[in-house]
Amino acid sequence: MTRCLLAIETSCDETAAAVIGEDYEVRASVVASQIDLHAEFGGVVPELASRAHVELITPIIDQALAEAGLAGSELSAVAVTSGPGLVGALLVGIATAKSLALGWGIPIVSVNHLEGHLASVFLADREVPFPQTALLVSGGHCMLTRAPRLGTYELLGQTVDDSIGEAYDKVARYLGLGYPGGPVLDRLAATGSDVLHFPRPMLNDGYEFSFSGLKTAVVNYVRKEPAFVVADVAASFVAACMDVLCAKVRRALEEFGDPALAIVGGVAASPVLRVRAQDIAAEFGSRLLIPPQALATDNAAMIGVAGWQKLAAHGADGMGFGPEPDLRLTFS
Ligand code: KG4
Ligand code: ZN
């Protein structure tokens, strides 16, 4: 029988558990979103997130095991996100993972959430070519990297201010559209047009990104034009974001000619980005690697894949690790 591990993800506002085979088959993936809890505040409230993780983590793990049809004692390892993220939220997942691993007498492996997102492409496509150009676009990050091989990263550029998900969330909050902003702005954008021509910050400046000025441009426009058409604001904002992301990705494919293009992180759930990425990959003859839409946003299945990869490359961790809120990728 294929060996399976239990993966746990609690770095932000999703309490998630998954059972993943060594062949990356998803035997179960359960995600309990705390969106409703944080919606009235327009963003994640760390203390509320930690408390909700404490309440949800055990039932979510039980559900994942039940869906996989496995008892804890039949598992081969536990993988858990150790950072980056909210310290209290991470702590809940780590403490739970350690006690389960100790109780079941199986190894534990800590996973970098960003490596989890990068590993999410294996959930769509088990044969993943290298080298890759990888765009990681989430609520906390916006970076363009290259991976010459599995587990080795080179940084091409990242945002100098807001991440793209953050810009989506702030613009949505300003427009009174709730949290998270990505899905709602995408939906509205599909019904409007890019008629406002918002700036495309740093479009021609290498590989770095900036979204704070774009967000301010949207806010200034809305303040000046009380009769604004919300669908057109959304469409114009999304078009500006996409133009910037796509320009950087094209530049990287032009410069490095990698055979694979990975697009990962919560914003990779955007239907607009998925279509545009497909077009760019086709244009450069690269294979597009993108997680299934439901596994682009935070989940534990991607942590499970990264957990198997880390176990294979470096073996298990001891019990000494703790939360690392500012954990980064190590660049060569
Ligand atoms: O990866 P993720 O779930 O959490 C972090 O690691 O940060 O990303 C969350 C971000 C949020 O900012 C949310 O607005 C954005 O992903 N997002 C989207 C979509 N779904 C979620 N952005 C654009 N289009 C979407 N459909
Ligand atoms: Zn994430």
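For ligands, and for the atoms within them, numbers begin at 1 and follow the listed sequence.
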Does the ring pair (Phe, Tyr, Trp, His ring centres under 6.0 Å) test come out yes or no for F331 and Y153, once each step is laid out?
CA-CA 5 Å; F331 296 111; Y153 312 104; 7.0 Å; no
Stepwise salt bridge (charged side-chain N to carboxylate O under 4.0 Å, His left out) check, R250 with E283:
CA-CA 9 Å; R250 290 161 140 269; E283 182 188 335; 2.5 Å; yes
Could you walk me through whether D298 and H113 satisfy the side-chain contact (heavy atoms from CB on, under 4.5 Å) test, starting with their C-alpha distance in whole Å, then the side-chain angles of each, then the deciding distance to 0.1 Å, before giving a yes or no?
CA-CA 9 Å; D298 287 351; H113 182 84; 3.0 Å; yes
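For atom 22 (N) of ligand 1, the nearest non-hydrogen atom of the protein is G182 CA, 3.3 Å.
Atoms of ligand 1 found under 4.0 Å from any heavy atom of H117, numbered from 1 in the order shown, are 1 (O), 6 (O). Heavy-atom contacts of G140 reach the following atoms of ligand 1: 7 (O) (cutoff under 4.0 Å).
Proximity of H113 to ligand 1, defined as any heavy-atom pair under 4.0 Å, is confined to the side chain (atoms from C-beta onward). Under 4.0 Å from ligand 1, the heavy atoms of D186 that appear belong solely to its side chain.
In this structure, CG on L245 lies 4.0 Å from CD1 on I164, to the nearest 0.5 angstrom.
Between D169 and ligand 1, a contact under 3.5 Å exists for at least one N or O pair.
Proximity annotation for atom 2 (P) of ligand 1: of D298, D13, I164, D298 comes nearest, heavy atoms only.
Closest approach between the Zn ion (ligand 2) and any N/O/S atom of D298 involves OD1. The nearest N/O/S atom of H117 to the Zn ion (ligand 2) is NE2.
For the 3.5 Å distance criterion, the side chains of T81 and E9 qualify, holding a donor opposite an acceptor.
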